[in-house]
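Counting from 1, the numbers follow the sequence of the chain as shown. Excluded from the calculations below are hydrogen atoms, water molecules and symmetry mates; all remaining heavy atoms, backbone and side chain alike, are included.
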Amino acid sequence: TIVDYAEKHDTKICFNAGNTSIKKGYEHLKGILDSAHVVVMNKEEASMTTGIEVRPDTKTEKFSHDVIHKDIKRMLQTLKIKDYQVVVITDGNKGAYAYEGKNFYFCPTFPAEVISTLGAGDSFASTFCATLYKHDKDIGKALMYGSVNSAGVVSKFGATEGLLTFEEIEAKLIEGRKEWDKSEQELNSQLEIAYKELEATIKKERDSKEKMINLQVSIYNQSRQMLNIVSSALEGVADLMKTINKISTKLRYQPIKAK
């Protein structure tokens, strides 16, 4: 078999599973998985192989907030059965994940206009494996290169039409970085403008509230003054009434002299 030949000639095996192999069951795959140095599957294939389903968000758990879903991490760990293996799971337009026993990796998809997805998985897997051993097992770089080549394939009609060389992939990444830097500068400028506008709005609201508070304090102080004046006036009226009552009482009981 190919596995026997690879082991005999000290050749690394990169296993990109397909539905036909997966449907034969995990025990059938285990022999290949045991010998594979790199295992690449899409999320559906990984779920079928491991029996692990990716759970949706619930009221108590928001899995979508994680960079890598907990269940995808479990799939990666389950598929890795040898210390030397690197396991990769692709997830359509969401990107790809990798695990080498110590660290988890995530790489988003490289931007592309999708014409056909035919050959996307194969181009990613082959480029990942080739890059991994060309660049001293740099998993991050291998994921990026795989993503770029896969984007090239989906942008053309046909499984091999958009395939790129290493030089073309690197050129695409440099171009992508320039676009990213440009977008980042534009975003930073927009954020700076938005921040200044927000700061001005907050200051305006604060000034408006301060004016309102000052007005309320002024009205309150004036009201207190008016209450003090009214209170003093009432006290004066009360004193006057007492005086009038005294005079009235005195006059009422004053004997009248007869003529």
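Side-chain N or O atoms of Asp138 include one that pairs as donor or acceptor with a backbone N or O of Lys141 at under 3.5 Å. Looking only at distances, a side-chain donor or acceptor of Thr50 sits under 3.5 Å from a matching main-chain atom of Ala46. Listed for the Gln216 side chain is no donor-acceptor partner under 3.5 Å among the backbone atoms of Ile219. At least one donor-acceptor pair closer than 3.5 Å links the side chain of Asn42 to the backbone N or O of Glu45. Checking side-chain atoms of Gln85 against main-chain N and O of Lys82 turns up a donor-acceptor pair under 3.5 Å. For the pair Thr127 (side chain) and Ser123 (backbone), a donor-acceptor distance under 3.5 Å is present.
Using a 4.5 Å heavy-atom cutoff, the side chains of Val40 and Val38 are in contact. Val86 places a side-chain heavy atom less than 4.5 Å from the side chain of Ile139.
Between Asp207 and Lys203, at least one side-chain nitrogen of the basic residue sits less than 4.0 Å from a carboxylate oxygen of the acidic one, meeting the salt-bridge criterion. Ion pairing of Arg206 with Glu210 is absent here, as no side-chain N (NZ or NE/NH1/NH2) approaches a carboxylate O to less than 4.0 Å. Taking the charged nitrogens against the carboxylate oxygens, Asp71 and Arg74 do have a contact shorter than 4.0 Å, which makes a salt bridge.
Aromatic rings from Tyr133 and His37 are positioned such that their centres are separated by 6.0 Å or more.
Under the 6.0 Å distance and 45° angle rule, Lys73 counts as a cation-pi partner of Phe104. Taking the centre and axis of the six-membered ring of Phe63, the NZ or CZ atom of Lys70 falls outside the cone set by 45° and 6.0 Å.
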*Chi angles and distances behind the side-chain contact (heavy atoms from CB on, under 4.5 Å) call for Ser116, Lys156*: CA-CA 7 Å; Ser116 169; Lys156 305 284 184 182; over 6 Å; no

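Within a 6.0 Å sphere centred on CG of Asn93, heavy atoms belonging to other residues, nucleotides or ligands number 12 at most. Other residues, nucleotides and ligands contribute only 12 or fewer heavy atoms inside 6.0 Å of the NZ atom of Lys178.
A donor-acceptor contact closer than 3.5 angstrom links the side chains of Asn16 and Asp122. Side-chain contact annotation: Glu170 with Tyr145, donor-acceptor N/O pair under 3.5 Å present. For Ser64 and Asp57, the side-chain atoms include at least one donor-acceptor pair closer than 3.5 Å.
At a threshold of 4.5 Å between side-chain heavy atoms, the hydrophobic network of Ile, Leu, Val, Met, Phe, Trp and Tyr places Leu132 and Met144 in two separate groups. Cluster membership for Ile81 and Phe15, using ILVMFWY side-chain heavy atoms within less than 4.5 angstrom, is shared. Hydrophobic cluster membership differs between Leu143 and Tyr97, with clusters built from Ile, Leu, Val, Met, Phe, Trp and Tyr side chains linked at under 4.5 angstrom. Two different hydrophobic clusters hold Leu173 and Phe106 under the rule that ILVMFWY side chains link at heavy-atom gaps under 4.5 Å.
Here Ile169 contributes atom CD1 and Leu164 contributes atom CG; the two are 5.5 Å apart, rounded to the nearest 0.5 Å. In this structure, CG in Leu79 is found 5.5 Å from CD1 in Ile89, a value given to the nearest 0.5 Å.
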